[in-house]
Amino acid sequence: MNFINSAPRPVVGGTPTTQASKGPYLELSMYKEVPTGEISLEEFEEYALDRLRVLKAIEEAKLRSKSEDTIQADVETLLKKHMQGSSRQQTYRKDVLSHHILRLAYCRTADLRSWLLAQEALLFKFRFKALGRQQQVEFFSSMGLPYHAISDAEFEELAGQLAAVLNACGEWDKAKAVTSSSRRGDTHGLQDIGRAGAAAAAAAAAVASRPLFYKVPFQAVPDLVGSRRVLLRAGQAYVGEDQVYSLVVGAFRSCLSASLAEAARAWGAFSAAEADRLAPLVDSLPSRSVYGSDNRKVPVGEISAGQLAGLVAGRHFPLCMSVMYERLASEHHLKHWGLQQFSLFLKSIGLPLEQALLFFRQQFAPRTPGDKFNKEYAYNVRYNYGQEGKRQDWSEWSCVKIINQEVGGACAGAGECNGGCPYKTYSAEQLRAALSRLNCNDKVIREVVDKARGKHYQLACGLAFEGITGSPQETGINKPSEYYASSIELATQRAAAAAGANGAGAQQGQQQQQQGQQAGGGAVQPQQQEGPPQTPAGQRAVAAGIPA
Amino acid sequence: METATERQDAKRAKTEHQAAEGAEPMAVDDAVQQKDAAAPEQQQQTGPSMRFLMTQYYKRLFPVQQMFKWLCYGNAATLRLTAASAAGASCASTLEGDIFVRYQSYKSWTDLATDLARKVPSKIDIGPVYTHDPRQRAKYAKDFKPVQRELVIDIDMTDYDELRTCGSGGHICSRCWPFIAVAIQVLDTALREDFGFQHILWVYSGRRGVHCWVADEGARLLADDVRASVVGYLSVIRGVEGGMAKLGMGMVKHPALERAERLLRSAWRQHLLPEQCLLDEPQHYNALLQYIPDEELRSSLAAKWAKGGQGIVPGGNRRASAAAAAAGDSVSLSVRRWDELEKAVKEQASRLPSGKAAKALEKSLDDIIFAYSYPRLDVEVTKKMNHLLKAPFCVHPKTGKVCVPIDPEAAWDFDPDDVPTVQQLVQEINEQQQDAGASPQQQQAAGAEGWQGTSLEPYIAAFASSFLSPLAASSKAALNERAQAAAAEQRTQRADVSW
């Protein structure tokens with residue numbers, strides 16, 4: 001924590017530097033030493049966010065149950081993209097610093113700690129697995145873990161069962177290697193390698209010319225035990241050479257877990273000392289969106305109030321917003337936070353202020369007379385567009401904010417709506433009903449409800465997107481407008497494809513565009529609820545995107 | 001010496017109890033005796049109330065000393081090692097009317113006895129040992145955490161509902177017991193041979209399942225993620241979809257599953273097929289045939305079996321099977337049909353051109369055996385240290401049966417219908433008392449415990465001899481070892497000083 005102010009010192013982790021790793025970004029550290037040196041505030045923030053990008057991408061890949069091999073490849077790309085510095089040393093520095101910054105940022109609550117622990121352990125595992133065999137063994141032995149490789153005698157005795165386990169895991173070649181070395185019967189005497197040092201382990205492997213197995217208490221390799229990938233006898237697991245990652249990751253986990261607990265204890269002092277500078281920054285990291293502005297853009301151009309119904313009917317709105325639209329249409333009212341959430345979303349997808357006022361006034365009209373609306377609600381809408389109060393150009397609420405919004409029953413209950421994320425606030429029953437109204441099939445609904453129950457609301461939303469559009473949502477949804485943008489983009493592409501394949505379709509598309517141009521120039525046609533919605537100029541995506 | 005203090009404790013406990021009741025000591029004693037004497041008559045009319053029976057049970061039958069001895073793991077005397085253990089072991093009890101009292105803990109068995117007699121809980125659950133006395137958990141807030149808990153396994157007969165042919169829900173009988181017996185065999189072997197655990201207690205839950213308590217120190221200290229991994233290692237059935245179990249095993253089996261298969265196969269022909277009549281009736285054999293991937297084979301077997309034949313009257317299969325068995329026809333219909341199925345599958349497999357397809361077809365036989373007989377665990381119970389589980393020797397509130405230990409070696413001989421009930425036990429103890437003419441107080445003064453001579457005795461004796469004593473011995477050994485290590489360390493320290 002004091003590394004910001006203390007004198008610069010070369011950053012060297014307490015780990016073996018692995019020679020000839022595949023790339024500079026693969027240098028692995030146990031992060032046992034707190035780095036010292038200087039770092040600018042900008043770097044501080046950038047490093048942390050870059051590491052978060054990697055961790056969140058891994059988490060998502062895991063939640064989407066991608067295969068280990070795919071994630072392994074993903075991790076390499078991610079590290080190259082986000083964590084690689086200009087030199088080997090720089091990369092190492094960034095790795096160590098960003099790890100320690102996040103350790104600080106994620107130490108305060110049990111939830112944050114367990115999240116970071118899980119993701120860092122995953123990252124560590126994939127990085128360790130990317131090392132060569134020799135480097136793995138070296139790293140493992142350098143850790144000084146008290147595990148013994150089994151003797152030749154024990155190997156002979158167990159070879160059959162060890163091979164059986166490998167066969168059960170589909171590792172036919174390795175199983176063959178085990179049986180053949182045992183059948184050869186070339187014993188080298190009893191070779192109980194004591195506390196396997198780097199040299200001893202390597203020597204043993206060479207001398208024995210047979211696969212090495214370590215005998216460890218089963219508690220040390222829960223992942224291997226839980227998936228029956230090891231032989232267990234009397235509480236001891238027989239861990240193969242290429243499974244030592246499990247032991248290494250286990251050690252890494254417990255080490256990090258202890259450090260996080262330590263950091264949590266020290267947090268009070270840190271936040272007092274850094275109240276004006278680092279504390280707020282560190283404090284905000286866990287809730288920051290890591291997706292930069294280079295992410296998908298909302299189609300530029302304006303939409304009109306009259307188009308909204310068509311957009312909802314075309315299922316382009318994420319569930320949180322379509323639910324709100326329906327509630328508004330039936331109840332003619334939204335509660336304060338619901339109105340904020342919805343109007344900022346509409347703003348972000350291109351509904352101009354006067355259209356927004358028109359839309360809300362109309363919707364509120366049956367219950368709220370025009371002058372009352374002007375007095376009580378118009379201010380908020382104008383405020384959102386930067387026309388009142390602070391006159392700031394407010395941006396839309398992110399999913400994180402919507403999810404964390406205290407909605408007190410939200411759209412889940414009867415009556416008016418206070419916003420929130422339906423994947424969080426709805427019961428499984430309500431969610432099923434809402435999704436089947438959007439024509440999701442049962443399988444999709446089941447998956448979505450599962451994800452929602454697992455508290456992965458954004459992933460649930462992504463799955464719903466896939467279920468509705470029939471196309472995968474690769475980039476993740478972090479703002480409601482991203483859902484909208486992806487949906488429109490997809491529809492545009494499909495319309496274009498259909499137009500290419502079908503002359504009539506192309507004509508229709510052109511017609512739509514022409515219509516759009518005619519209606520352009522800021523002309524407002526709010527009343528058109530039927531037929532293809534009118535499209536203002538510059539809103540080609542929307543024009544093509546809405547199914548006629 | 002020890003008994004003297006215990007007796008004193010008991011006396012004090014009794015006085016406290018009476019004080020709590022707010023009555024004159026003598027008057028209370030009289031009242032109890034009158035109630036005892038009146039009990040048989042009451043029973044003839046309406047039967048004694050459950051509350052009355054439970055009061056008697058806790059006062060005179062519940063093996064409170066043995067339970068306490070178990071739950072504090074010999075640490076009461078040596079608090080310096082894990083000070084939390086005896087004071088921190090948490091019990092939760094359900095009072096009548098489903099009032100749930102959690103985070104109880106007791107400093108001595110007499111405290112426990114007093115509290116049980118006073119509260120008369122309809123059921124007792126055991127939770128983890130915490131860092132601090134659970135009754136003062138508010139004081140420690142964040143630092144109050146579970147630190148120790150037996151590794152527990154819960155098997156519930158309702159998980160076998162789609163397989164059972166004799167009943168469902170809360171039902172259990174000697175005909176569905178084979179599912180449980182084979183589960184005990186498979187799991188007990190794996191826990192001992194693979195995980196190296198030694199102190200394993202199997203208990204009948206009193207209604208439709210069994211519980212397993214692994215009390216080795218290593219097991220008690222397992223972290224939650226390791227508990228989950230044990231569950232993963234022991235589970236094969238990953239859920240049921242469309243009436244078929246999804247199996248988490250590949251073409252080649254892990255040695256642990258091969259060993260399980262040997263146990264399952266012998267149980268399959270000897271017990272499950274004949275006792276459950278799994279292939280007697282169409283709805284049952286059709287469900288089983290689903291696992292055979294060969295459509296043609298399925299329908300030809302089903303057609304053959306539908307004709308009935310073989311001298312068995314359709315609809316009267318169960319009795320007919322029993323009759324056939326009695327008549328000396330030793331092989332039951334289901335076993336004969338299984339043999340037919342096995343033969344047909346093997347013949348068909350040998351006819352298949354591709355070795356892979358043949359293997360897949362043959363594997364379906366294994367799949368059936370695993371799907372039907374591999375233990376089905378209630379996994380959530382095992383995964384978390386924090387999960388409560390009903391204590392051995394409490395009475396199941398619905399059936400009145402006592403949760404008695406099961407000898408895993410003799411699991412096949414256990415009959416859930418033979419388990420003593422609280423009604424039966426109270427009657428036994430009353431009769432005993434009438435015969436002897438001694439009051440319960442006199443008996444206790446003579447050093448006898450109430451359960452002696454009742455049908456509960458063999459169960460408590462087995463609990464003490466095959467679980468408590470070995471456990472106490474190993475706790476003691478572990479303590480000695482640690483004490484020696486500490487002493488050795490002290491010696492070296494002293495040596496260091498003298499340098």
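FYI, side chains are in, hydrogens and waters are out, and symmetry mates aren't considered; it's all heavy atoms of this structure. The chains referred to below are lettered A, B, ... by the order of the sequence lines, with proteins before strands, and numbering in each begins at 1. Just so it is clear, the model here is predicted, and its values are computed rather than measured.
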Undergrad: Between A:R228 and B:H254, which heavy-atom pair has the shortest distance, and what is it?
TA: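 Minimum heavy-atom contact is O-CD2, 3.3 Å.
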Undergrad: Below 4.5 Å from any heavy atom of chain B, which atoms of A:V221 appear? Answer side chain, backbone, both or neither.
TA: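 Neither the backbone nor the side chain of A:V221 comes within 4.5 Å of chain B.
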Undergrad: Working to the nearest 0.5 Å, report the span between CZ of B:F195 and CD of A:Q236.
TA: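 Nearest 0.5 Å value for the CZ-CD distance: 12.0 Å.
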Undergrad: Only heavy atoms, only distances under 4.5 angstrom. Which residues in residues 164-172 of chain A are near chain B?
TA: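 Against chain B, the residues of residues 164-172 of chain A that fall inside the cut-off (heavy atoms, under 4.5 Å) are A:A164, A:V165, A:N167, A:A168, A:W172.
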Undergrad: Taking all heavy atoms of A:V230 and all of B:Y233, pick out the closest pair and write down the distance.
TA: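 Minimum heavy-atom separation between A:V230 and B:Y233: O-CE1, 4.5 Å.
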Undergrad: Against chain B, label A:L231 side chain, backbone, both or neither, depending on which of its atoms sit under 4.5 Å from a heavy atom there.
TA: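 Both backbone and side chain of A:L231 come within 4.5 Å of chain B.
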Undergrad: Examine whether an atom of B:L257 lies under 4.5 Å from a heavy atom of chain A, and if so say whether it belongs to the side chain, the backbone or both; otherwise answer neither.
TA: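 Contact with chain A involves the side chain of B:L257 alone.
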Undergrad: Check this for me: B:E409, atom CD, are more than 12 non-hydrogen atoms of other residues, nucleotides or ligands nearer than 6.0 Å?
TA: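 No, because the 6.0 Å sphere around CD of B:E409 holds 12 heavy atoms or fewer from other groups.
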Undergrad: Within the structure provided, determine whether A:F218 and B:D194 are in side-chain contact (heavy-atom separation under 4.5 Å).
TA: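 No - every pair of side-chain heavy atoms lies 4.5 Å or more apart.
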Undergrad: Identify which of B:S235, B:A190, B:P255 forms the greatest number of heavy-atom pairs closer than 4.5 Å to chain A.
TA: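 It is B:P255.
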